[in-house]
Amino acid sequence: MSKIAFIFPGQGAQYCGMGQDFYEKTAIGKEVFDKASELLGFSVPELCFEKNDRLDITEYTQAAMVTTSIAMMRVLEAEKGIKPSVAAGLSLGEYCALAASGVMSDEDAIKTVRQRGILMQEAVPLGLGAMSAILSLDAAEIEEVLSDMEGVQIANYNCPGQIVISGKKEMVEKANEKLLSAGAKRAIMLNVSGPFHSEMLRGAGEKLGEVLDKVDINEPVIPYVPNVTAQYVTEKEAVKDLLKKQVSSSVRWQQSVETMLADGVDTFIEIGPGKTLAGFIKKIKRDVTVLNIEKLEDLEKLSDL
């Protein structure tokens, strides 16, 4: 019998229009989107399904992404009866994992991530921060190059050969040059609205802690793997501090996947727009089952589980 992990993507997926069939063709999906609109005070279906500039701004991206992934998950659970053994999400996707594990209600996950997005957007004026993807250079070598540079750090350990750095724009650009000289094949500046998962967002994390003080946290029904430690969380006491730190800490995605693999997970179901996490996992371990759910018809992939 398969040991299943639900995994959820973060910002960067191409998702305008994604989830529309879940909204239009399922009562459960529609309920999630409509509840999100009620909670947030604007039309989430309009945000998600109609082309607009707001989807590039993190305060809107985060709410759109989490709502879409949660709607897909709830339909999947209802129609296929599949329950995971563990959940994890990359960056803002961790809030979907919290909903999947029962730690946070769907409503609180959506409301909290909206506040998270606003705080992150306000933390650093546009243009002062940047992020860059470093390809085909070992993580230890990147860590060594960055060790004597202030204002830039590793933001994401995605998979072997793909590390993202983040921080002050001029320092990220300098780091790119040094890392290319050290052997990186490419250093690609990312189209993002802030230096996510860097020390520049520490203040946003502190303010998020105040938001989290008002959120009910439950004991996990299933464990989840947080970005900060990449180790199973089975008790609720650790959750709020981990979420506060997550805003300015490295996302240890590769390490999170390795933790789940070591626990016997052999099937990963990526729920949400895009196939980014599926690609990462195949670079971490090729011989595991990885499925992605982004259209209603994709649920048929799960018939044999």
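When a residue number appears, it is its place in the shown sequence, counting from 1. Predicted model, so just to flag it, every value in this text is computed and none were measured.
In this view, Q246 and E94, R116, N227 satisfy the side chain to side chain donor-acceptor pair (under 3.5 Å) rule, not counting sequence neighbours.
The shortest distance between side-chain heavy atoms of N52 and Y60 does not fall below 4.5 Å. Residues I269 and K301 have side chains not in contact (no heavy-atom distance under 4.5 Å, counting atoms from C-beta outward). Residues P226 and S256 are not in side-chain contact: their nearest non-hydrogen atoms beyond the backbone lie 4.5 Å or more apart. You'll find the side chain of T112 reaches within 4.5 Å of the side chain of L208, heavy atoms only. The shortest distance between side-chain heavy atoms of V103 and K236 does not fall below 4.5 Å. Contact of the L243 side chain with the K240 side chain is not registered, since no non-hydrogen atoms from C-beta on lie closer than 4.5 Å. Between L40 and L47 there is no side-chain heavy-atom pair separated by less than 4.5 Å. Between F22 and I28 the shortest side-chain heavy-atom distance does not fall below 4.5 Å.
Listed for the K283 side chain is no donor-acceptor partner under 3.5 Å among the backbone atoms of N158. A donor-acceptor contact shorter than 3.5 Å is absent between the side chain of T67 and the backbone of A64. Of the possible donor and acceptor atoms, one in the side chain of S198 sits under 3.5 Å from a partner among the backbone N and O of M200. With hydrogens and angles ignored, the 3.5 Å screen pairs no side-chain donor or acceptor of D241 with any backbone N or O of A238. Between the side chain of T234 and the backbone N or O of P223 there is no donor-acceptor pair closer than 3.5 Å. With hydrogens and angles disregarded, a donor-acceptor distance shorter than 3.5 Å links the side chain of S37 to the backbone of V44. For the pair S101 (side chain) and A87 (backbone), a donor-acceptor distance under 3.5 Å is absent.
Classification of D108 and K111 as a salt-bridged pair holds, one side-chain N sitting under 4.0 Å from a carboxylate O. Salt-bridge check for E38 with K35: passed, with a basic side-chain N closer than 4.0 Å to an acidic carboxylate O. Look at D106 and R74 and you find a salt bridge, because one of the NZ, NE, NH1 or NH2 atoms lies within 4.0 Å of a carboxylate O, short of that distance. Salt-bridge formation is detected for the pair D34/K30: a Lys NZ or Arg NE/NH1/NH2 atom is positioned less than 4.0 Å from an Asp or Glu carboxylate oxygen. One finds no salt bridge joining E173 and K168 here, because no Lys/Arg side-chain nitrogen approaches an Asp/Glu carboxylate oxygen to under 4.0 Å. Note on E59 versus R114: salt bridge recorded, some NZ/NE/NH1/NH2 to OD/OE distance being below 4.0 Å. Remark: E210 does not engage K207 in a salt bridge, criterion side-chain N to carboxylate O under 4.0 Å.
Hydrophobic clustering, defined by side-chain heavy atoms of Ile, Leu, Val, Met, Phe, Trp and Tyr closer than 4.5 Å, groups V251 together with I7, V86, L90, V225, Y232, W253, V257, M260, L261, V265, F268, L277, F280, I281, I284, V288, V290. Through chains of ILVMFWY side-chain contacts below 4.5 Å, I188 is grouped with L135.
Screening residues 129-147 for side chain to side chain donor-acceptor pair (under 3.5 Å), with sequence neighbours left out, gives S132-N176, E143-Y157. A side chain to side chain donor-acceptor pair (under 3.5 Å) check over residues 211-221, counting only residues at least two apart or in different chains, returns nothing. Sorted pairs that involve residues 81-90 and meet side chain to side chain donor-acceptor pair (under 3.5 Å), not counting sequence neighbours, are lacking altogether.
The 12-atom threshold is exceeded at NZ of K80, counting heavy atoms of other residues, nucleotides or ligands nearer than 6.0 Å.
Interatomic distance, OG of S43 versus CZ of F49, reported as 8.5 Å (0.5 Å rounding). Taken from CG in L146 to CD1 in I154, the straight-line distance is 6.0 Å, to the nearest 0.5 Å. Remark: Q153 CD to S166 OG distance equals 6.5 Å, nearest 0.5 Å.
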